[in-house]
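Worksheet: the structure to be examined is printed underneath.
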Amino acid sequence: QVEVVESGGGLVEPGGSLRLSCTASGSGLNFYLMGWYRQAPGKERELVAAMTSSTSINYGDSVKDRFTISRDIAANTVYLQMNSLKPEDTAVYYCNMNIAAPPSYYVKNYWGKGTLVTVSS
C-alpha cells in the first residue's frame with residue numbers, strides 16, 4: 001500500500017522561504033507525475049507545480065519565478081522550494097503523484113494529507 005506524506009510546512013514571514021518535501025512509501029515504484037497543489041481557505045484547490053517523468057514542468061502563474069519543483073527519484077521524493085513568500089501563498093499544500101507500484105504496476109493517483117503553510121508577520 002503506497003502512502004504519500006508531506007512535510008516542511010509552518011509559519012514564515014513575508015519574503016521568507018520554506019522547502020516542502022513529499023515522500024512515497026514503498027519500493028520498486030515508477031513515477032509518472034509528481035506535483036504540488038494548494039488550497040487556501042474558501043478557495044478551490046489549484047496547481048502549484050508539477051513535473052512529469054520526462055522532467056517537463058508546469059508552474060501556476062502566481063508562483064512562477066518564486067517556487068521551484070525538484071525530485072529525487074531514488075528517494076521517492078519531490079520537493080517544493082518556495083522563495084519570496086507572500087501572505088497570499090498561505091494555504092494547505094498537497095502532494096500529488098501518479099505512481100505504478102508492484103506487483104500490478106497499474107498507475108494510480110495518490111494524494112497526501114497536506115501540510116499547512118502560513119505566511120504572516
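Computed from a predicted model, the values in this text were never measured in an experiment.
- When side chains are defined from C-beta on, F31 does not count as touching N98, because their heavy atoms never get closer than 4.5 Å.
- Taking the six-membered ring where the residue is Trp, Y94 and W111 present perpendicular rings, their angle passing 60° and hence far from 30°.
- With sequence neighbours excluded, the residues forming a side-chain hydrogen bond (donor to acceptor under 3.5 Å, both in side chains) with T52 are S54, listed by chain and number.
- If you chain together hydrophobic residues whose side chains sit under 4.5 Å apart, L29 and V4 fall into the same group.
- Judged purely by atom type and a 3.5 angstrom limit, N30 has no side-chain atom pairing as donor or acceptor with the backbone of Y105.
- Grouping the Ile, Leu, Val, Met, Phe, Trp and Tyr side chains by contacts below 4.5 angstrom, directly or via other members, places Y37 apart from L20.
- The heavy-atom pair separating A100 from V107 by the smallest distance is CB-CG2, 4.0 Å.
- For the pair T68/Y59, a side-chain contact is recorded, criterion being any heavy-atom separation below 4.5 Å from C-beta on.
- Rounded to the nearest 0.5 angstrom, D89 CG and S120 OG are separated by 12.5 Å.
- Separating the CG atom in L85 from the OG atom in S17 is a distance of 6.0 Å, to the nearest 0.5 Å.
- Residues M34 and V2 share a hydrophobic cluster, clusters being chains of Ile/Leu/Val/Met/Phe/Trp/Tyr side chains in contact below 4.5 Å.
- To the nearest 0.5 Å, atom CD1 of residue I99 and atom OH of residue Y32 are 11.0 Å apart.
- Residues L47 and I69 are members of separate hydrophobic clusters, defined by side-chain heavy-atom contacts under 4.5 angstrom among Ile, Leu, Val, Met, Phe, Trp and Tyr.
- The nearest pair of heavy atoms linking A24 to M97 is CB-SD, 3.9 Å.
- Nearest heavy-atom pair across R71 and T55 is NH2-CG2, 3.2 Å.
- Linking Ile, Leu, Val, Met, Phe, Trp and Tyr residues whenever their side-chain heavy atoms come within less than 4.5 Å places M82 and V119 in a single cluster.
- The backbone N or O of G9 lies less than 3.5 Å from a partner atom in the side chain of T115, making a donor-acceptor pair.
- In this view, T23 and T77 satisfy the side-chain hydrogen bond (donor to acceptor under 3.5 Å, both in side chains) rule, not counting sequence neighbours.
- Legend: disulfide (SG to SG under 2.5 Å) pairs involving residues 19-111, not counting sequence neighbours, sorted by first then second residue: C22-C95.
- Residue-environment remark: CD (E88) exceeds the threshold of 12 foreign heavy atoms within 6.0 Å.
- Atom CG of L18 sits about 9.5 Å away from atom CG of N83, to the nearest 0.5 Å.
- Between R38 and E46, at least one side-chain N (NZ, or NE/NH1/NH2) sits under 4.0 Å from a carboxylate O, which counts as a salt bridge.
- With hydrogens and angles disregarded, no donor-acceptor distance shorter than 3.5 Å links the side chain of Q81 to the backbone of R19.
- Taking a 6.0 Å sphere around CD of E3, one finds it holds 12 or fewer heavy atoms contributed by other residues, nucleotides or ligands.
- The CG atom of L80 lies 10.5 Å from the CE atom of M51; values are rounded to the nearest 0.5 Å.
- Separating the OH atom in Y93 from the OG atom in S7 is a distance of 15.0 Å, to the nearest 0.5 Å.
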